[in-house]
Amino acid sequence: MDTMDRAALIRAGDRRALARAITLVESARPDHRAQALALLDALREPRRQALRIGLSGTPGVGKSTFIETFGLMLTGQGLRVAVLAVDPSSARSGGSILGDKTRMERLSRDPMAFIRPSPSQSQLGGVARRTREAVALCEAAGFDVVLIETVGVGQSETVVAELSDLFLLLLAPAGGDELQGVKRGIMEMADLILVNKADGDLKPAALRTVADYAGALQLLRRRPQDPPDFPKALPVSALADEGLAQAWQDMQALVLWRKEHGHWDRTRAAQARHWFEEEVRQGLLAALSREPQKGLMAGLSDRVAEGALTPEAAAAEMLHLLGRAP
C-alpha cells in the first residue's frame with residue numbers, strides 16, 4: 001500500500017490500518033524500516049496530541065484490571081482510548097504470550113478502545129523498542145488517551161516516563177513502608193501512586209499503605225513540573241470501580257497545571273531529544289554487528305576470553321579503531 005494511502009486510513013481511524021502500521025514499525029527488516037519512517041513522517045502533526053499515560057507496577061498488582069476499568073470509564077465519557085501493552089519475552093525462546101486482550105475482555109469489545117500487545121524482546125526498561133512510534137501512530141489515529149502498560153518488573157523500570165505525559169505507579173496493599181517509599185528509581189518518577197485492591201478485607205491495609213507512601217513522598221525533593229500537592233498517593237479498587245474517578249480528576253488537574261506553566265511542551269521536547277539520542281546509540285550498536293566492525297569485535301572478544309586482554313582494554317581499543325575509521 002502507498003504511504004499516503006496508509007496515512008489517510010490511519011488519520012480516518014481505521015483500526016486495521018493502525019494495527020498493520022504498528023506491525024510495520026516493529027519490524028526490523030530494512031525495507032520495512034524505510035516504509036515505517038516514511039509513514040511516521042507523513043503522519044507528523046504536532047497539534048494532534050493525545051494524553052500519554054504510562055502505567056507500571058509489579059506483576060499481580062492488577063494492572064490489566066485497572067486499565068480495563070479505567071479505560072471503560074474514559075470511553076463512557078466519550079474519549080477514544082488506545083492501550084499499548086508490553087508483554088515480557090522469554091529469555092530462552094524469545095516468544096511472548098501477548099494475552100492482555102484476553103484479560104481485558106470487556107474493553108477489547110468497546111468500539112471506542114484499541115488494544116495492542118507487543119513483545120518486549122531484548123529491550124530493558126519495561127517497554128518495547130518501538131513503543132514510542134506506536135504511540136505516535138495512535139495519536140495520528142485520533143485517540144484521546146494512550147495507556148502504556150509496561151512489563152512490570154521493579155524499581156529500574158523508568159523508561160516509560162520518557163514517553164508519557166503522566167506516569168502512574170500501581171502498588172499492592174502492604175507493599176512497603178516509609179523507607180520503601182523514599183527509595184530512588186521508579187518511585188521518584190511517579191506522578192501518582194495508586195494503591196490498588198483497596199476493597200474488602202484488604203481495604204485497611206491499602207489505606208495504611210497510602211498513608212505510608214503519602215508521608216514518604218513529602219521527603220522526596222520537589223520536582224519543578226509538579227504543583228504543591230503532587231505527587232500524591234491514592235487508594236483505588238479496579239475490581240469495585242472505586243477511586244478511579246478521583247484519580248482521573250487529579251490527572252486532569254495535573255495536566256492542566258503543566259500546560260499552563262509550560263512544562264508540557266518542555267517535557268515533550270526533552271523526550272524527543274532523548275529518543276533521538278537513544279536511536280543513535282541503538283544504530284551504533286547495530287553497526288557493530290556488520291563487517292568490518294563485526295570481525296574486529298570477534299577478534300578482540302576472543303582475546304578477552306583467552307585472558308590476553310581485559311574487557312576494559314579491549315573496549316578502549318575497539319573505540320580507538322572506530323574513531324580512526326573513515
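Counting heavy atoms from C-beta on, the side chains of L194 and F70 never come closer than 4.5 Å. Contact of the R222 side chain with the P228 side chain is registered, since non-hydrogen atoms from C-beta on lie closer than 4.5 Å. Put simply, the side chain of Q77 does not reach to within 4.5 Å of the side chain of D144, judged on heavy atoms. Put simply, the side chain of L55 does not reach to within 4.5 Å of the side chain of L147, judged on heavy atoms. No side-chain heavy atom of K197 sits under 4.5 Å from any side-chain heavy atom of T209. Using a 4.5 Å heavy-atom cutoff, the side chains of D5 and L9 are not in contact. In this structure, the side chains of I53 and V145 come closer than 4.5 Å at one or more pairs of heavy atoms. Side-chain contact between R116 and L18: absent, with no pair of heavy atoms (C-beta onward) separated by less than 4.5 Å.
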Kindly indicate, with the supporting measurements, whether the criterion side-chain contact (heavy atoms from CB on, under 4.5 Å) is fulfilled by L170 and V236.
CA-CA 9 Å; L170 252 64; V236 298; 5.6 Å; no
Under the side-chain contact (heavy atoms from CB on, under 4.5 Å) rule, what do R258 and L166 come out as? Steps first, then yes or no, please.
CA-CA 11 Å; R258 285 179 174 173; L166 296 176; 3.7 Å; yes
When you look at Q293 and M318, which way does the side-chain contact (heavy atoms from CB on, under 4.5 Å) test go after all the steps?
CA-CA 9 Å; Q293 291 87 348; M318 184 68 198; 4.3 Å; yes
Is there a side-chain contact (heavy atoms from CB on, under 4.5 Å) between M251 and L168 once you walk through the steps?
CA-CA 10 Å; M251 291 179 218; L168 312 183; 3.5 Å; yes
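Side-chain atoms of E68 come within 3.5 Å of backbone N or O of R106 as a donor-acceptor pair. Formation of a donor-acceptor pair under 3.5 Å by the R80 side chain with backbone atoms of A141 is found in this model. Put simply, the side chain of N196 gets close to the backbone of V61: a donor and an acceptor are under 3.5 Å apart. Between the side chain of R48 and the backbone N or O of A140 there is at least one donor-acceptor pair closer than 3.5 Å. Although no hydrogens or angles enter the test, the distance criterion places no donor-acceptor pair under 3.5 Å between the side chain of R11 and the main chain of G142. In this structure, S27 contributes its side chain and L24 its backbone to no donor-acceptor pair below 3.5 Å. Side chain of D165 to main chain of V255: no donor-acceptor pair is present (N/O by atom type, distance under 3.5 Å, no hydrogens or angles). A donor-acceptor pair under 3.5 Å is absent between the side-chain atoms of S289 and the main chain of L285, judged by distance alone. For the pair S164 (side chain) and F167 (backbone), a donor-acceptor distance under 3.5 Å is absent.
Transitive grouping of hydrophobic side chains (ILVMFWY, heavy atoms separated by less than 4.5 Å) keeps L244 and M112 in distinct clusters. Under a hydrophobic clustering in which Ile, Leu, Val, Met, Phe, Trp and Tyr are joined whenever their side-chain heavy atoms come within less than 4.5 Å, directly or via other members, W248 and M104 fall into the same cluster. Cluster annotation: W257 is not connected to L192 through the hydrophobic network of ILVMFWY side chains, with a link wherever side-chain heavy atoms come within less than 4.5 Å. Connection of V25 to L37 is not established within any shared hydrophobic cluster, with ILVMFWY side chains joined at heavy-atom distances below 4.5 Å, either directly or through further cluster members. Residues L239 and L207 do not share a hydrophobic cluster, defined by chaining ILVMFWY side chains whose heavy atoms lie under 4.5 Å apart.
Residue V81 comes nearest to G71 through the heavy atom pair CG2-O, 4.1 Å, listed as atom of the first residue, atom of the second, then distance. Scanning both residues, A7 and A42, for their nearest heavy atoms gives CB-CB, 4.3 Å. Pairing each heavy atom of A233 with each of V210, the nearest pair is O-CG1, 3.6 Å. Residue V304 comes nearest to A314 through the heavy atom pair CG2-CB, 3.4 Å, listed as atom of the first residue, atom of the second, then distance. Contact between L254 and D226 at its shortest, heavy atoms only, is CD1-OD1, 4.5 Å. The nearest pair of heavy atoms linking D14 to A17 is OD1-N, 2.8 Å.
Annotation: R273, atom CZ; neighbour count of heavy atoms from other residues, nucleotides and ligands within 6.0 Å does not exceed 12.
If you take OG1 on T150 and CG on L169, they are separated by 9.0 Å, rounding to the nearest 0.5 Å. Interatomic distance, L43 CG to R6 CZ, rounded to the nearest 0.5 Å: 10.0 Å. Taken from CZ in R303 to OG1 in T310, the straight-line distance is 10.5 Å, to the nearest 0.5 Å. Atom CG of residue L234 and atom CD of residue Q249 lie 10.5 Å apart, to the nearest 0.5 angstrom. Taking OH of Y213 as the start and CD of Q218 as the end, the distance is 15.0 Å to the nearest 0.5 Å. Rounded to the nearest 0.5 Å, atoms CD1 (I67) and CD1 (I115) are 8.5 Å apart.
The existence of a salt bridge linking E133 and R44 is excluded, since no basic side-chain nitrogen approaches an acidic carboxylate oxygen closer than 4.0 Å. Note on R132 versus E162: no salt bridge recorded, every NZ/NE/NH1/NH2 to OD/OE distance being 4.0 Å or above. Salt bridge present: R109 and E105 bring a charged side-chain N and a carboxylate O closer than 4.0 Å. For the pair D265 and R268, the salt-bridge criterion is not met [side-chain N within less than 4.0 Å of a carboxylate O].
Under 3.5 Å, the side chains of Q35 and D31 contain no donor-acceptor pair of N or O atoms.
Among the candidates Q225, R223, K232, the single residue satisfying the side-chain hydrogen bond (donor to acceptor under 3.5 Å, both in side chains) test with D191 is R223. Among H261, K259, R266, E260, the one residue that satisfies the side-chain hydrogen bond (donor to acceptor under 3.5 Å, both in side chains) test with H263 is R266.
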